**Q** 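What follows is a structure written as structure tokens; I'll ask about it next.
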Protein chains: 2
Amino acid sequence: MKRKRRSYHHGDLKNALIAAGIDILAKEGAGALSLRSVAQKVGVSHAAPYAHFADKQALIAAISTEGYERLYEAIRAVAAVHQRDPARQLVEAAWVYVKFALDDPEHFKVTLSGVVEREKDYPAFVEVSKKSFAQVVEIVQACQKKAVLPKGAPDLVAVGVWSLMHGLVSLLLENQIPRSVLDRMPVRTMLVATLGQMARLDPEPPCATPS
Amino acid sequence: MKRKRRSYHHGDLKNALIAAGIDILAKEGAGALSLRSVAQKVGVSHAAPYAHFADKQALIAAISTEGYERLYEAIRAVAAVHQRDPARQLVEAAWVYVKFALDDPEHFKVTLSGVVEREKDYPAFVEVSKKSFAQVVEIVQACQKKAVLPKGAPDLVAVGVWSLMHGLVSLLLENQIPRSVLDRMPVRTMLVATLGQMARLDPEPPCATPS
DNA sequence: TGTACATCAGTGAACGCGCGTTCACTGATGTAC
DNA sequence: TGTACATCAGTGAACGCGCGTTCACTGATGTAC
């Protein structure tokens with residue numbers, strides 16, 4: 001399972017610790033995330049992380065930043081693929097968001113849950129979160145041009161779209177959506193239906209649901 | 001601050017513990033919520049709670065249930081006041097939700113954050129959460145009749161409205177909404193604007209903002 | 001009204017646990033000459 | 001190429017902490033007679 005380190009020095013301990021943290025979140029949940037557990041997973045003494053992170057908050061901030069970067073990259077990719085179809089960009093970007101949340105709920109939660117308290121101390125986090133929001137605003141503007149989304153200040157409409165998606169996945173993760181609704185349709189259909197209450201979308205062909 | 005108990009027996013320790021828990025959430029946050037802290041706040045030995053709660057989960061479930069009841073009652077009240085005006089019902093119910101979240105964020109989070117894992121064990125929680133959702137569905141139906149909300153299965157549209165509000169408050173609480181948007185308008189205006197992307201609402205007079 | 005007794009709610013000591021953090025240390029690495 | 005030394009990353013023991021939970025107990029309460 002855990003291969004022996006060849007040398008005294010690890011080489012890339014910082015990134016290894018971040019990866020281990022994400023892994024622990026996925027497999028054991030947020031309660032199990034600690035500097036000690038992360039160190040143990042990498043096979044290093046429990047004090048070693050302090051060479052790379054000032055404290056636990058700093059590790060969490062790094063994990064959050066990584067999560068936002070994952071989102072940013074994935075949305076950038078789908079936006080590029082559907083360059084000329086804003087409605088599609090909107091749906092696929094939303095789907096990216098939902099997929100992240102469902103595939104890796106604990107990482108998603110840490111990323112989006114404001115665990116980064118003193119943002120000032122973590123400029124990388126602030127930067128990628130700003131970039132991500134700007135990306136959404138762009139998609140919203142393109143949608144507005146084609147009357148897919150209602151008029152209004154683009155950043156405000158972006159907040160609306162984001163809220164809708166964030167609320168949907170939060171309620172899903174927190175098990176609050178009634179079974180009667182849940183059992184009636186797959187998540188992707190629910191996403192499109194919900195988004196369709198706000199945006200003018202073409203109906204999806206029932207079999208085109210990606211993964 | 002803490003008055004001496006007159007007698008050995010407390011009389012209503014169970015409810016006192018729940019109230020103390022809510023108080024701790026408000027004043028010290030979720031991290032400080034423990035059976036021990038709750039017992040201490042009430043002025044009782046740390047083992048006393050076990051006479052009333054099987055374990056920590058049971059206390060949390062009780063606090064969650066209390067939170068949902070607060071929501072349920074408040075929404076029922078505003079729905080009654082605006083009996084003949086579904087759009088208003090919608091806005092005020094949403095406002096109730098947002099107010100709860102902003103006034104008592106930690107209690108709100110515990111209530112809505114699926115901390116009640118094995119719902120089966122807490123039927124009171126399940127019941128009040130179902131009742132609350134049904135209430136929203138009713139308001140949604142009334143809104144649909146007046147074309148305030150789009151057509152579609154009422155429970156699905158209710159999920160949409162709920163998601164929108166839940167996402168908005170979650171992002172607010174988690175400090176994710178960009179300052180540029182935040183600084184431009186009060187929360188209530190943001191709520192109405194966001195809800196307005198999904199519902200056909202009359203514009204609010206700028207000075208009618210309740211508390 | 002008085003007494004015996006069962007029931008119940010709260011006590012306080014004790015358990016083992018994992019945590020964040022500090023500290024003096026040591027092994028490995030790289031650089032100057 | 002070889003040696004001295006500064007730097008750096010990781011070690012392992014130790015600290016104090018608050019937690020959930022158990023357990024034998026005891027003080028208060030209520031009921032039967």
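Please read all numbers here as calculations on a predicted model, not as lab measurements. Per chain, numbering begins at 1; letters A, B, ... match sequence-line order.
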**Q** Has B:Lys131 got more than 12 heavy atoms of other residues, nucleotides or ligands less than 6.0 Å from its NZ?
**A**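 Check passes, neighbour count above 12.
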**Q** Give me the residues of residues 17-25 of chain B where at least one heavy atom lies under 4.0 Å from an atom of DNA chain C, by number, or none.
**A**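 Here the set is empty: none.
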**Q** Has the side chain of B:Ser163 got a donor or acceptor atom that lies under 3.5 Å from a matching backbone atom of B:Val159?
**A**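 Yes, because the side chain of B:Ser163 sits within donor-acceptor range (under 3.5 Å) of the backbone of B:Val159.
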**Q** For D:dG20, give its Watson-Crick or G-U wobble partner with both distances under 3.5 Å, or none.
**A**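 Pairing partner: C:dC15.
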**Q** Below 4.5 Å, heavy atoms only, C-beta onward: do B:Asp103 and B:Phe108 meet side chain to side chain?
**A**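 No; the side chains remain at least 4.5 Å from each other.
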**Q** So do the side chains of A:Glu106 and A:Ile24 get within less than 4.5 Å of each other, counting heavy atoms only?
**A**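 No - every pair of side-chain heavy atoms lies 4.5 Å or more apart.
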**Q** For C:dT26, give the paired nucleotide (Watson-Crick: N1-N3 plus N6-O4 or O6-N4; G-U: N1-O2 and O6-N3; both under 3.5 Å), or none.
**A**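 Across all strands, the one nucleotide that pairs with C:dT26 is D:dA9.
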**Q** Is a donor on one side and an acceptor on the other found under 3.5 Å between the side chain of A:Lys41 and the backbone of A:Ala19?
**A**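 The answer is no, because no donor-acceptor pair under 3.5 Å joins these two groups.
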**Q** Whole angstroms only, please: what is the CG-P distance between A:Asp12 and C:dT29?
**A**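 So the two atoms are 16 Å apart, to the nearest Å.
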**Q** For the residue pair B:Ala79 and B:Gln89, what are the closest heavy atoms and their distance?
**A**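 Result for this residue pair: O-NE2, 2.8 Å.
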**Q** So B:Asn15 and B:Ile18, do their side chains get closer than 4.5 Å, heavy atoms only?
**A**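 Yes - at least one pair of side-chain heavy atoms lies under 4.5 Å apart.
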**Q** How long is the line joining CG of A:Leu13 and P of D:dG10, in whole Å?
**A**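 Atom-to-atom, A:Leu13 to D:dG10, this comes out as 5 Å.
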**Q** Do NZ/NE/NH1/NH2 and the carboxylate oxygens of A:Glu127 and A:Lys130 come within less than 4.0 Å?
**A**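 No, no charged N to carboxylate O under 4.0 Å.
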**Q** Taking NE2 from B:His52 and P from C:dT11, how many angstroms apart are they, rounded to a whole number?
**A**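 To the nearest whole Å, that distance equals 10 Å.
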**Q** Scan nucleotides 17-21 of chain C against the protein and return all N/O pairs shorter than 3.5 Å with their distances rounded to 0.1 Å.
**A**
unit_1: C:dC19; atom_1: OP1; unit_2: A:Ser34; atom_2: OG; d: 2.8
unit_1: C:dG20; atom_1: OP1; unit_2: A:Leu35; atom_2: N; d: 3.4
unit_1: C:dG20; atom_1: OP2; unit_2: A:Leu35; atom_2: N; d: 3.2
unit_1: C:dG20; atom_1: OP2; unit_2: A:Arg36; atom_2: N; d: 3.4
unit_1: C:dG20; atom_1: N7; unit_2: A:Arg36; atom_2: NH1; d: 2.5
unit_1: C:dG20; atom_1: O6; unit_2: A:Arg36; atom_2: NH1; d: 2.7
unit_1: C:dT21; atom_1: OP2; unit_2: A:Tyr50; atom_2: OH; d: 2.9
unit_1: C:dT21; atom_1: OP2; unit_2: A:Lys56; atom_2: N; d: 3.4
unit_1: C:dT21; atom_1: O5'; unit_2: A:Tyr50; atom_2: OH; d: 3.4
unit_1: C:dT21; atom_1: O4; unit_2: A:Arg36; atom_2: NH1; d: 3.3

**Q** Starting at NZ of A:Lys14 and ending at P of D:dA9, how long is that distance when rounded to a whole Å?
**A**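 Atom NZ in A:Lys14 sits about 11 Å away from atom P in D:dA9.
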**Q** So what's C:dT1 paired with, Watson-Crick or G-U wobble, going by both distances under 3.5 Å?
**A**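 No nucleotide pairs with C:dT1.
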